Amino acid sequence: MKEDLQVYDSLLQLVGNTPLIQLNKITEDFKGEFFAKLEAYNPGHSSKDRIALYIIEEAERKGLLKKGDTIIETTSGNTGFSIAMVSIIKGYNCILAVSSKSSKDKIDMLRTMGAKVYVCPAHVAADDPRSYYEVAKRLNQEIKGSVYINQYFNELNIEAHYRSTGPEIWKQTEGKITHLIACSGTGGTISGTARYLKEQNPNVNIIGIDAYGSVLKKYHETREFDSDEIYPYRIEGLGKNLIPTATDFDVIDKFIKVTDEESAHTAREIAKTEGMLVGYTSGAATQGVKQLAEQGEFDENSKVVLIFPDHGSRYMSKIYSDKWMEDQGFFDTKNEVNAKTIEFIK
Ligand code: PMP
């Protein structure tokens, strides 16, 4: 912050230090206290601001990046947006190789943020030269002075959360946290946060949320990659069809799985009960808490922190659209967003 003037030098000073908010209604029937870490308060509206800024600044410290250089990643999701935002502010080019499955809205959003987007065919093998992994790798080799973020296989993804999310939660709960509940995609958030929390108190329970159709839970339990576990599912951002090295399975106590449908209903319920418009995986984390409460995981002394990774505005045409919900067969009689909340005056 500049002296005297109450201004920030740039948005980058606002990355991290997100608020922890008590959940008052959705968890009221459960024993313990529940707090949501609202990562939508980052300037790029998700937890991915932390890793984008941290990994890019590490590359600067190592002398790998200078103004005008290029940053490359393979995502149309939150990470792409955060990298594009940091790149603009710091003066780098940003290239994102994305799957042709990505929505037009998402691609337009990244282009609006100055990124060059390569749209790669979705239905080719990961080692096909046209896949977004291979396109990103090739561009990284071809473009001098480029850095490939590679969030699924980058240890700095874990480190970013070890240095920021973990200490913030420890301080915000005055060391009283008993459980951390976080969705696992790359695994960076849960692993880095857990590593820090376990160093402070090894008894903190770390519970990862996985999707049906993903290999993570089984891998955690057996250390076996079982391709029979893989099938398509709708929640974006959690679960995986490969084992990311950015997940430290040793600091996670257990995984539980949640369904697409229940997670979507729960996200809508959070909006209606807490007034928080949250993303799909925030619904998944809260759905996980519901299941854990039913299994007797919590008691009167539990202080449970849930990571809410992003904002609901990115899902208006998905979980917050009655039409989309019906198309998936997720008919919602309790929490319609549109049906009963709109009247046309003729
Ligand atoms: N929720 C959303 C919406 C995400 O985009 C991600 C990132 N893939 C996650 C949860 C999981 O975070 P992480 O990659 O750190 O495991």
Side-chain angles (χ1 to χ4, degrees), residues 16 18 36-40 42 44-55 73-83 96 98-99 102-103 106 109-110 149-166 169 180-196 206-211 214-217 219-220 233-249 251-252 255 258 260 263-264 266-267 270 276-288 306-315 318-320:
T18 53
K37 181 88 169 143
L38 283 194
E39 290 293 290
N42 283 296
H45 309 143
S46 87
S47 53
K48 294 297 181 179
D49 282 5
R50 297 177 187 267
I51 71 162
L53 184 60
Y54 187 75
I55 295 174
E73 183 56 320
T74 48
T75 167
S76 64
N78 288 326
T79 307
F81 186 90
S82 296
I83 294 170
L96 300 168
V98 309
S99 151
S102 306
S103 72
K106 278 191 172 176
M109 185 157 76
L110 299 172
I149 301 281
N150 203 8
Q151 60 172 339
Y152 282 92
F153 299 97
N154 193 335
E155 175 68 21
L156 297 176
N157 178 354
I158 298 181
E159 213 174 287
H161 291 285
Y162 175 83
R163 288 176 184 268
S164 67
T165 322
I169 291 173
L180 175 76
I181 315 290
C183 293
S184 200
T186 66
T189 308
I190 190 167
S191 306
T193 308
R195 208 180 265 177
Y196 182 86
I206 309 295
I207 302 174
I209 307 294
D210 191 18
S214 151
V215 297
L216 299 178
K217 180 173 189 285
Y219 183 81
H220 181 254
Y233 54 90
R234 297 176 188 85
I235 314 181
E236 297 159 57
L238 90 161
K240 208 56 205 169
N241 55 2
L242 51 76
I243 305 299
T245 58
T247 308
D248 179 353
F249 287 89
V251 293
I252 300 168
F255 278 94
V258 294
D260 289 336
S263 302
T266 301
I270 296 168
M276 295 176 186
L277 184 60
V278 296
Y280 203 168
T281 53
S282 307
T286 309
Q287 176 57 31
L306 294 78
I307 306 280
F308 280 7
D310 69 353
H311 196 263
S313 55
R314 288 187 180 162
Y315 304 87
K318 293 205 163 168
I319 54 173
Y320 297 118

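Read the numbers this way: they start at 1 and go in the same order the structure lists the ligands and their atoms. Heavy-atom basis, side chains included; hydrogens, waters and symmetry copies ignored. The model shown is predicted, which means the values in this text are computed figures rather than measured ones.
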Under a 3.5 Å threshold, I'd like every N/O contact between ligand 1 and protein atoms, with atom names and distance.
| residue | atom | partner | partner atom | Å |
| --- | --- | --- | --- | --- |
| ligand 1 | 1 (N) | T281 | OG1 | 2.7 |
| ligand 1 | 5 (O) | N78 | ND2 | 3.1 |
| ligand 1 | 8 (N) | G237 | O | 3.3 |
| ligand 1 | 14 (O) | K48 | NZ | 2.8 |
| ligand 1 | 14 (O) | T186 | N | 2.9 |
| ligand 1 | 14 (O) | T186 | OG1 | 2.6 |
| ligand 1 | 15 (O) | T186 | OG1 | 3.4 |
| ligand 1 | 15 (O) | T189 | N | 2.9 |
| ligand 1 | 15 (O) | T189 | OG1 | 2.5 |
| ligand 1 | 16 (O) | G185 | N | 2.7 |
| ligand 1 | 16 (O) | T186 | N | 3.3 |
| ligand 1 | 16 (O) | G187 | N | 2.8 |

Taking [X] for its side chain and [Y] for its backbone only, find out whether a donor-acceptor pair lies under 3.5 Å.
X: S214; Y: K240; answer: yes
X: T281; Y: A284; answer: no
X: D248; Y: S191; answer: no

If you measure from the Lys or Arg side-chain nitrogens to the Asp or Glu carboxylate oxygens, is any gap between K217 and D210 under 4.0 Å?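 Salt bridge absent between K217 and D210.
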For a quick check under 3.5 Å, do N154 and Q151 share a side-chain donor-acceptor pair by atom type?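 N154 vs Q151: no donor-acceptor pair found between side chains.
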Think R314 forms a cation-pi with F81, using NZ or CZ under 6.0 Å from the six-ring centre and within 45 degrees of its axis? yes
